Engineer: 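Starting off with a structure, shown below.
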Number of protein chains: 2
Amino acid sequence: MLTFRDTEYSCTSEVTLSLISGKWKILILSFLAKGTLRFNELQKLVPDATQRMLTLQLRTLEKDGLIARTVYAVSPPKVEYTLTEFGQRLVPMLSMLCRFGADYVEAHGSTAPEPQA
Amino acid sequence: MLTFRDTEYSCTSEVTLSLISGKWKILILSFLAKGTLRFNELQKLVPDATQRMLTLQLRTLEKDGLIARTVYAVSPPKVEYTLTEFGQRLVPMLSMLCRFGADYVEAHGSTAPEPQA
DNA sequence: CCGTATCCCAAGAGATACTG
DNA sequence: CAGTATCTCTTGGGATACGG
């Protein structure tokens, strides 16, 4: 049992989960894992996220120290997002989650494998 | 992009997340990783979960094939829960999530480490 | 002992419109 | 270009009571 930022967790793994749960966070992190991106590039890569949601998720990731936001004082505005060192550390974990998920879907995908007749 | 059980996922890691997100699932899985448990044993181990919530989480985990439920036709009733093979496979991942979370809390815990005076 | 049923609330997320 | 501001709706979870 631990308290972290006014929230109670029964295991530190729940802290990790709280960092990456959010409709578009995994997608965002995956793309940023390949390199720095601007806001509108992310928008194109995650077209189903509304501008509002994309911003919200980015703000949370930034506040949590997983990504860094750099604003260039130019016109038109230019903002870049990158993974922080901690964000980088997350990448191999995302891969594991991916692999497990893929295995799971393959095993449970075709719902109820017919017993060989 | 994939559809699995009427839900859209942009990455298989999101499938994995959906399997383990739930207020008490990680805790339940962690305890079951150490061995089979009866319902009321779980209740004592997870006292903050209401009976209803505990049941709900267990039902979901069962439906998702991560735990198995065995009912013994005795009086008073006796029900046992165990990890399935797939549930076992989850265990090392939970450990990784734990370790990352612990690192994270340690690094970000004492909010703004004072520059050594 | 091991649940289910009902009611309620708060957080997360979508749609849409506006701005420096 | 890169955001805020509202408003609404759905979902997860809590409280409580009852049943085989």
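To find a chain, count down the sequence lines: A is the first, B the second, and so on, and within it residues start at 1. Just so you know, these numbers come straight off a predicted model, no measurement behind them.
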Engineer: Rounded to whole angstrom units, what separation is found between the CE atom of B:Met53 and the P atom of C:dT4?
Structural biologist: 13 Å
Engineer: Based on the rotation axes of five pairs at each end, what angle does the helix from C:dC1-D:dG20 to C:dG20-D:dC1 bend through, to 10°?
Structural biologist: 50°
Engineer: Just verifying a value: how many Å separate B:Leu58 CG and B:Lys25 NZ, rounded to the nearest 0.5 Å?
Structural biologist: 10.5 Å
Engineer: Side-chain heavy atoms under 4.5 Å apart, restricted to Ile/Leu/Val/Met/Phe/Trp/Tyr: what other residues fall into the cluster of A:Met1, or is it alone?
Structural biologist: none
Engineer: Within this structure, what is the OH-to-P distance between B:Tyr72 and C:dG3, rounded to whole angstrom?
Structural biologist: 13 Å
Engineer: List in numerical order all residues of residues 22-47 of chain B for which some heavy atom is under 4.0 Å away from an atom belonging to DNA chain C.
Structural biologist: B:Arg38, B:Phe39, B:Asn40
Engineer: Find the distance B:Arg69:CZ to C:dC1:P and express it as a whole number of Å.
Structural biologist: 16 Å
Engineer: Tell me which donor-acceptor pairs under 3.5 Å the side chains of residues 89-102 of chain A have, and how far apart each pair is, sequence neighbours excluded?
Structural biologist:
residue: A:Arg89; atom: NE; partner: A:Glu85; partner atom: OE2; Å: 3.2
residue: A:Arg89; atom: NH2; partner: A:Glu85; partner atom: OE1; Å: 3.4
residue: A:Ser95; atom: OG; partner: A:Val91; partner atom: O; Å: 3.2

Engineer: Only pairs under 3.5 Å count here: list side-chain donor-acceptor contacts from residues 31-54 of chain A, not counting sequence neighbours, and write none if there are none.
Structural biologist:
residue: A:Arg38; atom: NH2; partner: A:Pro77; partner atom: O; Å: 3.4
residue: A:Glu41; atom: OE1; partner: A:Arg38; partner atom: N; Å: 2.7
residue: A:Thr50; atom: OG1; partner: A:Met53; partner atom: N; Å: 3.1

Engineer: What integer distance in Å separates A:Leu54:CG from C:dG14:P?
Structural biologist: 11 Å
Engineer: Tell me the interatomic distance from B:Leu56, atom CG, to C:dT6, atom P, rounded to whole angstroms.
Structural biologist: 14 Å
Engineer: Any side chain to side chain donor-acceptor pair (under 3.5 Å) pairs touching residues 6-16 of chain B, not counting sequence neighbours?
Structural biologist: B:Thr3-B:Glu8, B:Ser10-B:Glu14
Engineer: Does anything in residues 64-74 of chain B pair up under side chain to side chain donor-acceptor pair (under 3.5 Å), and if so which pairs, sequence neighbours excluded?
Structural biologist: B:Arg5-B:Asp64, B:Arg69-B:Tyr81, B:Tyr72-B:Glu80
Engineer: Walking along DNA chain D from 5' to 3', note the first and the last nucleotide with an atom under 4.0 Å from a heavy atom of chain B, and give both.
Structural biologist: D:dG13 to D:dG20
Engineer: Answer with yes or no after comparing the ring centroid distance for B:His108 and A:Phe4 against a 6.0 Å cut-off, counting only values under it.
Structural biologist: no
Engineer: Closer than 3.5 angstrom, by distance alone: can the side chain of B:Thr84 be matched with the main-chain N or O of B:Leu66 as a donor-acceptor pair?
Structural biologist: yes
Engineer: Drop me the distance from A:Leu29's CG to A:Gln88's CD, to the nearest 0.5 angstrom.
Structural biologist: 10.5 Å
Engineer: For A:Glu80, answer base if it contacts any base atom (sugar-phosphate contacts may also be present), sugar-phosphate if it contacts only those atoms, and nothing otherwise; contact means non-hydrogen atoms under 4.0 Å.
Structural biologist: nothing
Engineer: Measure from CG on B:Leu17 to C1' on C:dG12 and round the result to the nearest Å.
Structural biologist: 15 Å
Engineer: Going 5' to 3' along nucleotides 15-20 of chain C, which nucleotides have protein heavy atoms under 4.0 Å from the base (write B), which only from the sugar-phosphate (write S), and which from neither (write -)?
Structural biologist: B----B
